[in-house]
*Asks:* 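Sharing a structure with you now.
Counting starts at 1 for both ligands and their atoms, following the listed order.
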Amino acid sequence: MKVILDLDTGIDDALALAYALAHPNLELIGVTSTYGNVTVEQGVRNTLALLELLGAPEVPVFLGSERPGFRVQPISAFIHGANGLGQVEIPAPRRGPAEATAVDFLVSSFARYGEDLTVIPTGPSTTIAAAMSSSPEFARQARIVMMGGVLTVPGNVSAWAEANVSQDPEASDAVFRQGGNITMVGLDVTLQTLLRANDTARWRRTETAAGRAYAEMADYYIRAYATTSPHLGGCGLHDPLAVAVAADPSLVTVFDTNLKCDTTGPTRGRTIGDETRLADPLKTAHVAIEVDAPRFVATFVDTLEEYFQA
Ligand code: BDR
Ligand code: CA
């Protein structure tokens with residue numbers, strides 16, 4: 001299966017990038033860059049640097065657009081580090097981004113590969129919404145497996161909003177209303193999949209540059225979670241779980257519905273069922289509500305360990 005990642009390259013996005021490269025059933029054809037954990041420019045820089053570190057310097061990286069007035073939130077800098085990568089220094093990339101825009105790459109890739117392509121957004125929905133508004137075929141038919149939103153538990157930036165969706169609720173709402181095939185991998189499941197220091201120790205023991213850097217980044221993330229969410233006992237594998245579900249939907253149980261995102265009022269950023277489409281027999285969203293966490297985490301840690309060793 002061909003995949004495109006739409007990343008706001010912080011630490012769990014970096015983990016998702018490595019997993020997409022390492023996963024035996026996925027072929028990463030490109031990365032589009034969005035903002036959120038970092039600016040678009042920092043995200044591009046991080047992605048290019050990580051692709052070189054991971055031995056995949058040929059994968060193209062495309063610039064998405066930033067929401068006007070965007071500023072990195074202090075909580076993002078705390079969780080992901082000011083550079084987005086837990087203050088781990090990755091050597092500067094030797095190339096820049098591709099010339100085409102993220103939207104053009106998404107739309108043209110769908111025109112080329114159709115149902116063989118899955119798009120995996122792991123940041124705010126701004127670029128995906130722009131691609132949908134520029135191509136009704138992309139909107140109706142492209143398979144999107146997104147990390148973002150939450151349905152059955154509280155949010156992580158407010159009582160009801162998840163971080164990615166909270167950055168651009170209008171874009172998320174447009175994606176839910178226009179998209180014909182959306183799988184939402186939200187906090188309902190990602191906070192059940194936890195990475196711990198004994199897992200990252202295995203990556204460090206590979207004694208490779210990538211294994212060491214990934215262990216350092218993930219440990220930074222685990223320490224941040226120990227401060228903000230000590231009850232979890234690890235860090236949430238948000239973005240890598242979306243990659244895993246794209247490759248193997250049997251990891252999760254889904255609830256089919258039609259989603260919307262509140263854009264006004266006190267619940268701005270809440271992802272919830274659209275009451276105007278409640279009785280519509282066509283359900284365009286598949287919300288992951290249960291996950292086989294042990295199977296996912298074990299496979300994820302093993303696969304990256306083998307990839308770093310190779
Ligand atoms: C999401 O927000 C970002 O901080 C993470 O990278 C993840 O995509 C979790 O709410
Ligand atoms: Ca992310």
*Asks:* Give the ring-plane orientation class for H80 versus Y221, where under 30° counts as parallel, over 60° as perpendicular and anything between as tilted.
*Replies:*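 Rings of H80 and Y221: tilted, 30 to 60°.
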
*Asks:* Can you find an N or O of D239 that's nearer than 3.5 Å to an N or O of ligand 1?
*Replies:*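 Between D239 and ligand 1, an N or O pair is found under 3.5 Å apart.
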
*Asks:* I'd like to know if K283 and D256 make a salt bridge, using a cut-off of under 4.0 Å between side-chain N and carboxylate O.
*Replies:*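 Result for this pair is no, no salt bridge flagged.
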
*Asks:* Can you report which non-hydrogen protein atom sits closest to atom 2 (O) of ligand 1, along with the distance?
*Replies:*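 Result: N164 OD1, 3.4 Å.
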
*Asks:* Got a salt bridge between R205 and E305, using NZ or NE/NH1/NH2 to carboxylate O under 4.0 Å?
*Replies:*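 So R205 does not pair with E305 through a salt bridge.
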
*Asks:* Please list the nearest protein heavy atom to atom 6 (O) of ligand 1 with its residue and the distance rounded to 0.1 Å.
*Replies:*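 Sorting protein heavy atoms by distance from atom 6 (O) of ligand 1 puts D12 OD1, 2.5 Å first.
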
*Asks:* Got a salt bridge between R196 and D199, using NZ or NE/NH1/NH2 to carboxylate O under 4.0 Å?
*Replies:*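 Looking at R196 and D199, the cut-off is not met.
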
*Asks:* At what distance is the nearest protein heavy atom to atom 3 (C) of ligand 1, and which residue and atom is it?
*Replies:*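 Going by distance alone, atom 3 (C) of ligand 1 is nearest to N37 OD1, 3.3 Å.
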
*Asks:* Report, in ascending order of atom number, the atoms of ligand 1 lying under 4.0 Å from any heavy atom of N156.
*Replies:*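 Going through ligand 1 atom by atom, the ones under 4.0 Å from N156 are 9 (C), 10 (O).
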
*Asks:* Can you tell me how the ring of F62 sits relative to the ring of F105, calling it parallel under 30°, perpendicular over 60° and tilted otherwise?
*Replies:*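 Taking F105 first and then F62, their aromatic rings lie parallel (interplane angle under 30°).
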
*Asks:* Which one holds for I11 and ligand 1: side chain close, backbone close, both close, or neither close, with close meaning a heavy atom under 4.0 Å?
*Replies:*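 Neither part.
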
*Asks:* For atom 1 (C) of ligand 1, what's the nearest protein heavy-atom neighbour? Residue, atom name and distance, please.
*Replies:*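 Result: E162 OE2, 3.3 Å.
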
*Asks:* When you check the gap from the basic side-chain N to the acidic O, do R177 and D173 get nearer than 4.0 Å?
*Replies:*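 Yes.
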
*Asks:* For the Ca ion (ligand 2), how many protein N, O or S atoms lie at less than 3.0 Å?
*Replies:*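 Protein heteroatoms (N, O, S) closer than 3.0 Å to the Ca ion (ligand 2) number 5.
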
*Asks:* Taking 4.0 angstrom as the limit, do R67 and E170 come out as a salt bridge?
*Replies:*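 Yes, R67 and E170 are salt-bridged.
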
*Asks:* Mind telling me whether H238 and Y225 have parallel, tilted or perpendicular rings, with 30° and 60° as the class edges?
*Replies:*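 Taking H238 first and then Y225, their aromatic rings sit tilted (interplane angle of 30° to 60°).
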
*Asks:* Using distance alone, decide if ligand 1 has a nitrogen or oxygen within less than 3.5 Å of any nitrogen or oxygen in T122.
*Replies:*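 Yes: some nitrogen or oxygen of T122 is under 3.5 Å from one in ligand 1.
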
*Asks:* Salt-bridge test for R94 and E52: reply yes if a basic N is under 4.0 Å from a carboxylate O, no otherwise.
*Replies:*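 Between E52 and R94 there is a salt bridge, with a charged N closer than 4.0 Å to a carboxylate O.
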
*Asks:* May I ask you to say whether R143 pairs ionically with D116, meaning some side-chain N is under 4.0 Å from a carboxylate O?
*Replies:*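 A salt bridge is absent here (no side-chain N lies under 4.0 Å from a carboxylate O).
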
